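Here is the structure we will look at, set down as structure tokens.
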Amino acid sequence: MKKLFALLLAALMVVGLLACGATPNETTAAADNPPADNEQAAASDEPIKIGLTTVLTGDRALEGQYASNAAAIVQEEINAAGGVLGRPLEIVIEDALGTDVGAVNAYRKLAADDDIVAIITPDSSNDGMAQAPSALEFKIPTTAQGSSPTLRDMCNNENKYLFQLRACDETLCAALIQYAVEELGLESFAILHDTETSSADQAGLFTKALANYGIEPKVVVPFTTGTKDFSSQIAQVQNSGAEAIIGACFQTEAAILITQIRAMGLDVPILGSNAFADPVTIQLAGDATDDVYCASAWVPNTPVPKGKAFSEKYEQTYGEECGKAAAQIYDHVSIICEAIEIAGSTDREAVRDAMNTISDYEGAITTYDCRTNGDCGRGGLLVRVKNQQAEIIDAITSEKVIE
């Protein structure tokens, strides 16, 4: 009797399930795998990925060290605050090798990963310009660390996926020359510059700014990246009779150049591109950097509140001063995450469109305004190095041109 009752009960359950349009197997599967909750939980556990191309090997490896350290700090901060769109952030780093080819290969490897939402270029305008065509090809939001006006024009005119976050050299170089002429009272200059694109651009901008005061450089002396002996170039400057030297190059060359200028007995003011007050340059050149003037994107003792907090945290974490290459990564990651939150999506097109809505964003380095085009960075600092520390003379700002 009991066996018969059990069979009848089972039959009634099957009939009831069929009446609802489900088979016993389907119901069991549904009970074991509730789709909505589990899929949402899985999605929330998947990280949102941002790619970072930086130089981890070779002469510019310090750049990669700063960048990697900053990436670890900002990733931890964002994840501790709940992540991005409720999901953890993961920064994926590729070595750009310090060459255009290496930069492009690193970029394309990241861009080919559909999970990468946006990519950050290395701390070089040359690398950013080399990567720019790939940004357009893959249609992926890309933030450039370089400050060349050529890079700015690329992101404003032909590449809507490229965003220059550092203030353009055009603004910084003009501010430095204005200070040199109007405040220091200097009247004659020699220019020493690397022949790579961004430094050559800076030399041109310095020449243009001097022309606004009716001044032509006494001599313009080029050199190639990697030069270790500047004695012949410095001799040309010495023979020109210029009362001040303007330099345009990367940190390693800047440190060697400053040291050799002082060693050859030229006790003249040295003015330079943003590399000339970078902690890397000061560390390498030591006391020789005293009385070097620079229009800089960043100094560790920045007065910007978010920058001051980050600089202090960096030094506490790693036991050294925070370089520009670190501060830039902090801002780039923060702004990309802001765009993702605005978009409410990790879709690359949506994030790109959201980037163009960001205005008055207070970063660690400066204020950013990305409305309508990729010219985002709005300022820097005019500094003088004294006792191996960058003393801030004044803030540099530029107005956003809205198209």
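Quick caveat, the model's predicted, so the values are computed rather than measured.
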Closer than 3.5 angstrom, by distance alone: can the side chain of Q131 be matched with the main-chain N or O of A103 as a donor-acceptor pair?
yes

Does K306, at its NZ atom, have more than 12 non-hydrogen atoms belonging to other residues, nucleotides or ligands within less than 6.0 Å?
yes

Have R378 and T397 got a donor and an acceptor in their side chains that come within less than 3.5 Å?
no

Check this for me, if you would: do R166 and D375 make a salt bridge, where the nitrogen-to-carboxylate-oxygen distance has to be below 4.0 angstrom?
no

Is there a side-chain contact between N274 and W298 in this structure, where contact means two heavy atoms from C-beta onward sitting under 4.5 Å apart?
no

If we ignore hydrogens and angles and just use 3.5 Å, is the side chain of S334 paired with the main-chain N or O of Y330 as donor and acceptor?
yes

T57 side-chain N/O to V55 backbone N/O, donor-acceptor pair under 3.5 Å:
no

Determine yes or no for a side-chain-to-main-chain donor-acceptor pair under 3.5 angstrom, with T121 supplying the side chain and Q145 the backbone.
yes

Validation row: T225, E253 side chains within 4.5 angstrom (heavy atoms):
yes

Listed by chain and number, what are the side chain to side chain contact (heavy atoms under 4.5 Å, CB included) partners of E187, not counting sequence neighbours?
E243

Are more than 12 heavy atoms from other residues, nucleotides or ligands located less than 6.0 Å from atom NZ of K109?
no

The reported gap from CD in Q260 to CG in L266 (rounded to nearest 0.5 angstrom) is 12.0 Å

Has the side chain of S125 got a donor or acceptor atom that lies under 3.5 Å from a matching backbone atom of S147?
yes

So, the side chain of D331 versus the backbone of A364: is there a donor-acceptor pair under 3.5 Å, distance only?
yes

Can you confirm whether more than 12 heavy atoms, excluding those of K313, are under 6.0 Å from its NZ atom?
yes

